[in-house]
Chemist: 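The structure's right below; bear with me while I get my questions together.
When reading the values below, keep in mind they use all heavy atoms of this one structure, side chains included, and skip hydrogens, waters and symmetry mates. Keep in mind the model is a prediction, meaning the values are calculated, not measured. All chains are named by letter (A, B, ...) in the order of the sequence lines, taking the proteins before the strands, and each is independently numbered beginning at 1.
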There are 2 protein chains.
Amino acid sequence: MTVWDRPEPPTRPAPLDRERIVAAAIALADEGGLEAVSLRKVAAQLDVGPMRLYGYISTKEELFDLMVDEVYAEILPEGRPDDWREMLRIHAERTRRTTLRHEWLADLLGGRPTLGPNALAVTESTLAALDGLADLDTVMRAVETVSAYITGALRREIANVRAERATGLSKRDWQRAYGPHVKRMLDTGRFPALAKAVYDGTDVDAETSFATGLDWVLDAVAAKLTPA
Amino acid sequence: MTVWDRPEPPTRPAPLDRERIVAAAIALADEGGLEAVSLRKVAAQLDVGPMRLYGYISTKEELFDLMVDEVYAEILPEGRPDDWREMLRIHAERTRRTTLRHEWLADLLGGRPTLGPNALAVTESTLAALDGLADLDTVMRAVETVSAYITGALRREIANVRAERATGLSKRDWQRAYGPHVKRMLDTGRFPALAKAVYDGTDVDAETSFATGLDWVLDAVAAKLTPA
DNA sequence: CTCATGTCGATACACTGTATTGCTTCGCTG
DNA sequence: CAGCGAAGCAATACAGTGTATCGACATGAG
C-alpha cells in the first residue's frame, strides 16, 4: 500500500529525496524499459547504497506507483476547455503522448488503482468536465469507459511499436517478421478473414487509429450524456 | 542399497512436453499470480531440473506467451451466432470470465501481440462476424476498438479486485482502506467532483459496469457499421 | 566527557533467469 | 561384441534481483 506522504526529512539536509529517486528511476526506465529499473541501479545513479532508498520508499512496487504518478503530471492539462468532448479528447491525446515518451507507462496503465495526487487531479479534471451533464452514475460510466479504451488502445500501440522495433520491420511485413509460423498459419486457410485483413488491409498510422477509435467511443458517450 | 529397490528401470515419470509445462505454469499462476511463476518452480512441479525446460521453451517470456494462448482456448466460442453484436458481446463476456478465472491474464492482456493459434482463432472469429458489414478498414477499427475497451476494462476490474482483497474491504470503503491519505486528499476540497463521486456514487457491481460500458462501445460500432 | 540514539553502509540471504560443463547412456560401426 | 560418436540431461555456475539484518559511526543530550 502506497503512502504518498513524504516522510520527515532527515535531520541534516539529505542529498536524497523521493523526487530525485523517482527521477532517476524514470530516467532508467525511459531508456531500457521497466526491467532496467532495479533498486541497485537507481541507487548507483544517485551515488548511494541500495539500502538508502528504503528510507524513502518501502518497496519497489511503491517506486513504480510514484513513477506513474510523476508522469501523470505531464498528462494533467493546463486549461480547461468548456467543451467536455474536447476536454476528453485532449486528455486522451495527452495520455498518448506521455505514453509514447515513457513507453513503460503502458506496462503499468490500469495495473493498479492510481491514487497519487497527480492521478487524482487528472481524474478530478475529467470528472469536473462532465459534471452536471448527467446523473453521477452515468458520468462515472462515461469516464471509466473512455479510460478503459485509452488504456487498452495504448497498450496495444506500444506492444506493436516494440514488436516492430524488435524485428526492425514495418507492420506491413509483420507476418513475415514473426517468422514462417504466422504466415504458415494464415496460409492454412483456417483463418480466411484474418488473412484477408492482413494481406488486403491498409495499415493506417497509429495516431489516427487511436483518434478514430476514441471518436467512436466519444460518440457513444455523447449519446448517453445528452439523450435525444 | 538393497536388492529390492532394484528395478524401476524406466522411472521416467515425465513425457514432458510443452503442454505439461504450460499447464504447470498456469496452475502456479492461478494461485499466486504471475510472480509465483518461476522456471525453477515449474520444473520442480514436474519433477525435473530447471534446465530441462529449455528444451521446450527458449525463454520465460515465451512461456508467458504460451500461457496466454492456452487460456485463449477458453475464450474461443463454440457456436457462431449470426448477430454480430451478440457475437461481440459473447466474446467480451467470455474474455471476462476467463480473466476472472486466471487473474494473471489481466497483467498480460494487450502486453504483446498475440499470435498463438488460439488467439488467432479468436481474432478470426470476431473478424468473420463483422465481415462484409463494412469496408475492411472500418471492420478492423471496430474490432480493435472493442478489444481495446475489453483490455482496459478488465485490467481495471482486476486491479480493483486485488486492491479489495489486499485491504479486505469493499469498494465502498476504499477511501478509508487506502489510508487516511486519500481521504485527506479528498477533504482538502481540491477535488470536489471526485469527492462527490466517491461519497455519493453508488457502486454498481463490476459485471454490469463492464457490460454497460461494452454496450456503449457496441452502440458506437453499430453506428459506424450500418450508416444511417 | 560519556552515553544513548538513530542513521547509514556493508554484509547476507534466498531467489531469479540462463550459460556452461561434464557425465551418462544409447545406437551405430567395424 | 568392442569401441566410439553423439545426444540428452543433471549439476554447477554466474550475474543479478529485492530486501532483512547488523555493526559502526556520528551526533545529540546530560
Chemist: I need the residues from residues 31-39 of chain A with at least one non-hydrogen atom less than 4.0 Å from DNA chain C; give them sorted by number, or say none.
Modeler: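 Contacts with DNA chain C under 4.0 Å: none.
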Chemist: If the condition is side chain to side chain contact (heavy atoms under 4.5 Å, CB included), which residues does A92(A) pass it with, not counting sequence neighbours?
Modeler: I150(A), F210(A), L214(A)
Chemist: Return the value, rounded to whole Å, for the distance between atom CE of M51(B) and atom C1' of dA10(D).
Modeler: 10 Å
Chemist: Donor-acceptor pair under 3.5 Å: do we get one between R40(A)'s side chain and the base of dG16(D)?
Modeler: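 Between dG16(D) and R40(A), which were checked side chain against base, a qualifying N/O pair under 3.5 Å is absent.
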Chemist: Going by salt bridge (charged side-chain N to carboxylate O under 4.0 Å, His left out), name the pairs with one or both residues in residues 54-65 of chain B, residues two or more places apart or in two chains.
Modeler: R18(B)-E62(B), E61(B)-R112(B), D65(B)-R112(B)
Chemist: Send over the distance from K41(A) NZ to dA15(D) C1', rounded to a whole Å.
Modeler: 12 Å
Chemist: What residue pairs, at least two apart or across chains, pass ring-ring contact (aromatic ring centres under 6.0 Å, His included) with a residue in residues 97-129 of chain A?
Modeler: H102(A)-W104(A)
Chemist: Listing request: all salt bridge (charged side-chain N to carboxylate O under 4.0 Å, His left out) pairs with a residue in residues 28-43 of chain B, at least two apart in sequence or in separate chains.
Modeler: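 Those involving residues 28-43 of chain B do not exist here.
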Chemist: Scan for ring-ring contact (aromatic ring centres under 6.0 Å, His included) pairs involving residues 30-49 of chain B, sequence neighbours excluded, and state none if there are none.
Modeler: none
Chemist: Measure from OH on Y56(A) to C1' on dT19(D) and round the result to the nearest Å.
Modeler: 18 Å
Chemist: Can you list the residues that meet the ring pair (Phe, Tyr, Trp, His ring centres under 6.0 Å) rule with H91(B), with sequence neighbours excluded?
Modeler: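 H91(B): no ring pair (Phe, Tyr, Trp, His ring centres under 6.0 Å) contacts found.
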Chemist: Taking CD from E62(B) and C1' from dT18(C), how many angstroms apart are they, rounded to a whole number?
Modeler: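 Computing the E62(B):CD to dT18(C):C1' distance gives 14 Å.
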Chemist: Going by atom type alone, with no hydrogens or angles, which donor-acceptor pairs under 3.5 Å involve a side-chain atom of residues 185-194 of chain A and a protein atom two or more places apart or on another chain?
Modeler:
residue : atom : partner : partner atom : Å
D187(A) : OD2  : K183(A) : NZ           : 3.4
T188(A) : OG1  : M185(A) : O            : 2.5
T188(A) : OG1  : R190(A) : N            : 3.2

Chemist: Dot-bracket, 5' to 3', for DNA chain D please: Watson-Crick or G-U pairs under 3.5 Å, [ ] where pairs cross earlier ones, | where the partner sits on another strand, dots elsewhere.
Modeler: ||||||||||||||||||||||||||||||
Chemist: Which residue, P50(A) or P50(B), contacts DNA chain C at a nucleotide closer to its 5' end, judged by nearest heavy atom?
Modeler: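 The answer here is P50(A).
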Chemist: Looking at R162(B) and E157(B), is any side-chain nitrogen of the basic one under 4.0 Å from a carboxylate oxygen of the acidic one?
Modeler: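 Salt bridge: no.
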